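Everything on this sheet refers to the single structure shown next.
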2 protein chains.
Amino acid sequence: MASHGARGRSGGRPTLEEVAARAGVGRGTVSRVINGSPRVSDATRAAVEAAVAELGYVPNTAARALAANRTDAIALVVPEPETRFFAEPYFSDMLRGVGSELSETEMQLLLIFAGSDRERRRLAQYLAAHRVDGVLLVSVHADDPLPDLLAQLEIPAVISGPRSAGETLTSVDSDNYGGARSAVEHLLSRGRTRIAHITGRLDVYGAKRRVDGYRDALRDAGREVDELLVEPGDFTEEGGRRAMSVLLDRRPDLDAVFAGSDVMAAGARQVLREAGRRIPDDVALVGYDDSAIARHMDPPLTSVRQPIEEMGRAMIDLLLTEIADRRPPTSRGLERQHAVLPTQLVARASS
Amino acid sequence: MASHGARGRSGGRPTLEEVAARAGVGRGTVSRVINGSPRVSDATRAAVEAAVAELGYVPNTAARALAANRTDAIALVVPEPETRFFAEPYFSDMLRGVGSELSETEMQLLLIFAGSDRERRRLAQYLAAHRVDGVLLVSVHADDPLPDLLAQLEIPAVISGPRSAGETLTSVDSDNYGGARSAVEHLLSRGRTRIAHITGRLDVYGAKRRVDGYRDALRDAGREVDELLVEPGDFTEEGGRRAMSVLLDRRPDLDAVFAGSDVMAAGARQVLREAGRRIPDDVALVGYDDSAIARHMDPPLTSVRQPIEEMGRAMIDLLLTEIADRRPPTSRGLERQHAVLPTQLVARASS
DNA sequence: ATCACTCATGGGAGCGCTCCCACAGTACCT
DNA sequence: AGGTACTGTGGGAGCGCTCCCATGAGTGAT
């Protein structure tokens, strides 16, 4: 690929020292050139760069890591079994955003699954050994000890989807509140008046925010919130079915359903069909996530899209800043950042 | 998680030296204990282990890598864009096998995509820097320069699906020849006599082997191979459709089709339907890969399953051996290994 | 010409390990 | 008793970098 020149003349790979000798300069100067320091004259820089090219010099990462006490690597930690990782487009979108943003840098991305207890112990060791400069945490459950471990080890970290309003780690999230509002406002604008909500698992902060958005949108439109129209689900299809049955029982006259996820909307749709309700004629349906399910549903499902790829990019940005500062902001008396990215309603035939 | 004891007493993480002092032994002895050398007395080992636990000592990977000239990491290189990686179950199965086998060891797995030119250049740098002890190469095209780069850099590597009969890298493959044979023998045993074959891309070695298996199975059953019944496809659905049309044109009396992949079988099925042939009554259909498509096809497709997860495990085994030997076998006058794992015919309603 | 400062540069020290040689101690043979 | 062979152990050397201090050359003000 590159021209290698005198590679391996003296056995192994060329070292900084050899490059220095070849360029007729000192070790420090070569190091400065390699690391892009401005304190090098143009002539010297050119000479060093020539020597680097001739020898096919590539820095030894281990030596650099040892001397500089950094690894130039960050981990994307997925506290889920691998199967979910592959099953849900969320992760591949996230990975794409992270990867694209990271390709601008010299940083290496490690993908680490921590679904099983065993994998978690491994991860703990890994972090204790400081084998990465920072950590990206996606899909974290409310009671997960990982964020606290990270904080304790003072490892820079960014979490996607804060665990609560008082999240201690730097976080990136989409606007769950605003997304839910836009869904409800959309239904109101379509003339629906009895709008039900199937919530996500309420121990997930984002799901709670969606409920808040649902409530406030109704209130701001001058409607009272009918608690009989709110039923908790658990993000699964079965949960969506169950909740829909309950809702139909309690309020047979409902004319719209806002589900906290597309998967739950799919479950709700089945129950509505079985009950003889037409979508959207009798009951309008709106989901959340704008996943593949939404596009392929019959009828296609109106849904709220989260900018997942962009969230990945934002996470990297925040993390790199934190790493550059060499430590978490809180240990320097600074505020943690909490980025919130806008969502977008994608209207389709179901509403 | 673990008990940390005196972590950070003197600022940073404890070093080997500190553990040695605490245990009242020399640096070398601690190193031996850490690395599981047998040349340590039981009493000394116990003392060192106690000191390690008390101090919460975790070895510094960078220092170890520098001193020992190894990284304890291997890369799984996917020469495809990420999208394909997530789309095809092949990769997740492979990753599962690799991961499970690797979790027995201290090795770290890196997932590296090399779909774009840019990513490839990065990878070349990465390999030149010897940042991994070995490489797993999956899904390599015939003209890919990567295997040669690996050989030239003398980096231990194992490839899944050899590029040819004379593959220079250690390889793991499934028994394409035997798999094809079993498919054809199955059709023969069902009384089919005019069995067509839609091949895969013939610049893919595995596809060629399947053609060989098809031919030999017919010959060994005492039939002559009718070349008009063999038509090349390209692994795509469209290619399957095209090949099927050609075959139906040439041999309207065919009574079975063995497709070189499930996706091509799906294409063939469409054309057969349009031509008014019933499956399996008029024409029996067999695919290859036993992918999700096969199970969900109407009728469910008989297909040849490859033990992908097991292949992943086998790749790791071979790679670890090669790494332990510190260099590729060929540079030591030894033969490359080529493991071939058995396939299995999964009979369903289509045949 | 002198001083004060800046800038490019060389190279020592040190990061935390592994490798290996030297050495003492013990055991078993002549 | 002397030799030989091991076994467990300590610690020097060195892996290839970065960091930082010292140095000398260059610049401009006095």
Side-chain angles (χ1 to χ4, degrees), chain A residues 7-8 10-49 51-52 55-73 106 128-131 133 326, chain B residues 7-8 10-49 51-52 55-73 106 128-131 133 326:
Chain A
R7 275 294 300 298
S10 57
R13 300 158 47 198
T15 67
L16 243 206
E17 195 98 46
E18 288 166 24
V19 174
R22 174 114 189 179
V25 301
R27 229 171 52 257
T29 303
V30 177
S31 177
R32 255 161 259 151
V33 172
I34 298 291
N35 293 292
S37 158
R39 325 199 126 280
V40 181
S41 72
D42 289 349
T44 308
R45 166 169 290 116
V48 170
E49 280 168 352
V52 165
L55 296 175
Y57 171 74
V58 180
N60 180 319
T61 346
R64 175 178 283 178
L66 178 59
N69 195 30
R70 61 188 163 79
T71 63
D72 290 328
E106 295 284 89
H130 286 261
R131 291 186 62 172
D133 293 339
R326 300 298 289 187
Chain B
R7 272 298 296 301
S10 57
R13 299 158 47 198
T15 68
L16 244 207
E17 195 98 44
E18 288 167 23
V19 174
R22 174 110 186 182
V25 300
R27 227 172 52 255
T29 303
V30 177
S31 176
R32 271 176 290 252
V33 172
I34 299 292
N35 293 291
S37 159
R39 323 198 127 280
V40 181
S41 71
D42 289 350
T44 308
R45 165 167 291 115
V48 170
E49 281 168 351
V52 166
L55 296 176
Y57 171 75
V58 180
N60 179 319
T61 347
R64 174 178 284 178
L66 178 59
N69 196 32
R70 60 189 165 79
T71 62
D72 290 326
E106 295 284 272
H130 286 261
R131 291 186 61 171
D133 293 338
R326 299 299 289 187

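Numbered from 1 within each chain, the chains take letters A, B, ... in sequence-line order. From a predicted model like this one, the values you see are computed outputs, not experimental measurements. All values below were derived from every heavy atom in this structure, side-chain atoms included, with hydrogens, water molecules and symmetry-related copies excluded.
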Measuring from atom [atom1] of [X] to atom [atom2] of [Y], what distance do you get when rounded to the nearest 0.5 angstrom?
{"X": "B/Asn35", "Y": "B/Arg64", "atom1": "CG", "atom2": "CZ", "result": "5.0 Å"}
{"X": "B/Leu66", "Y": "B/Thr61", "atom1": "CG", "atom2": "OG1", "result": "12.0 Å"}
{"X": "A/Thr15", "Y": "A/Leu55", "atom1": "OG1", "atom2": "CG", "result": "9.0 Å"}

Presence of [X] side-chain N/O under 4.0 Å of [N] phosphate oxygens OP1/OP2:
{"X": "A/Thr44", "N": "C/dA8", "result": "no"}
{"X": "A/Arg39", "N": "C/dA8", "result": "yes"}
{"X": "B/Ser31", "N": "C/dT18", "result": "yes"}
{"X": "A/Asn69", "N": "D/dT18", "result": "no"}
{"X": "B/Thr15", "N": "C/dC15", "result": "no"}
{"X": "B/Ser41", "N": "D/dT7", "result": "no"}

field: Intermediate values then yes/no, side chain to side chain contact (heavy atoms under 4.5 Å, CB included), B/Val30 and B/Val25
entry: CA-CA 7 Å; B/Val30 177; B/Val25 300; 3.7 Å; yes
- request: For B/Ile34 and B/Pro59, work out which heavy atoms get closest and say how close.
  value: CG2-CG, 4.1 Å
Quickly work out the [X] [atom1] to [N] [atom2] distance and round it to whole Å.
{"X": "B/Leu66", "N": "C/dC15", "atom1": "CG", "atom2": "C1'", "answer": "9 Å"}
{"X": "A/Asp72", "N": "D/dC17", "atom1": "CG", "atom2": "P", "answer": "14 Å"}
{"X": "A/Asn60", "N": "D/dT18", "atom1": "CG", "atom2": "C1'", "answer": "13 Å"}
{"X": "B/Ile34", "N": "C/dC17", "atom1": "CD1", "atom2": "C1'", "answer": "11 Å"}
{"X": "B/Arg45", "N": "D/dG8", "atom1": "CZ", "atom2": "P", "answer": "10 Å"}
{"X": "B/Arg70", "N": "D/dC15", "atom1": "CZ", "atom2": "P", "answer": "17 Å"}
{"X": "A/Arg32", "N": "C/dT9", "atom1": "CZ", "atom2": "P", "answer": "8 Å"}
{"X": "A/Arg131", "N": "C/dG16", "atom1": "CZ", "atom2": "C1'", "answer": "15 Å"}

message: Applying a 4.0 Å non-hydrogen cut-off, can you work out what A/Arg64 is touching in the nucleic acid: base, sugar-phosphate, or nothing?
response: sugar-phosphate
- prompt: Between A/Gly28 and B/Ala67, who's closer to the 5' end of DNA chain D by nearest nucleotide?
  reply: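 This one resolves to B/Ala67.
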field: Position toward the 5' end of DNA chain C (nearest nucleotide), B/Glu17 or A/Val25
entry: A/Val25
- line: Between A/Val30 and B/Pro59, whichever has its closest DNA chain C nucleotide further toward 5' is A/Val30
task: Determine, step by step, whether B/Glu106 and B/Asp72 satisfy the side chain to side chain contact (heavy atoms under 4.5 Å, CB included) criterion, reporting the C-alpha distance in whole Å, the side-chain angles of both residues, the deciding distance to 0.1 Å, and the verdict.
output: CA-CA 7 Å; B/Glu106 295 284 272; B/Asp72 290 326; 5.6 Å; no
I want to verify a distance call: between [options], whose nearest atom is closest to the [X] side chain?
{"X": "B/Thr29", "options": "D/dC15, C/dG14, D/dT9", "value": "D/dT9"}
{"X": "B/Val40", "options": "D/dT9, D/dC19, C/dT18", "value": "D/dT9"}
{"X": "A/Leu16", "options": "C/dT9, C/dC20, D/dT18", "value": "D/dT18"}

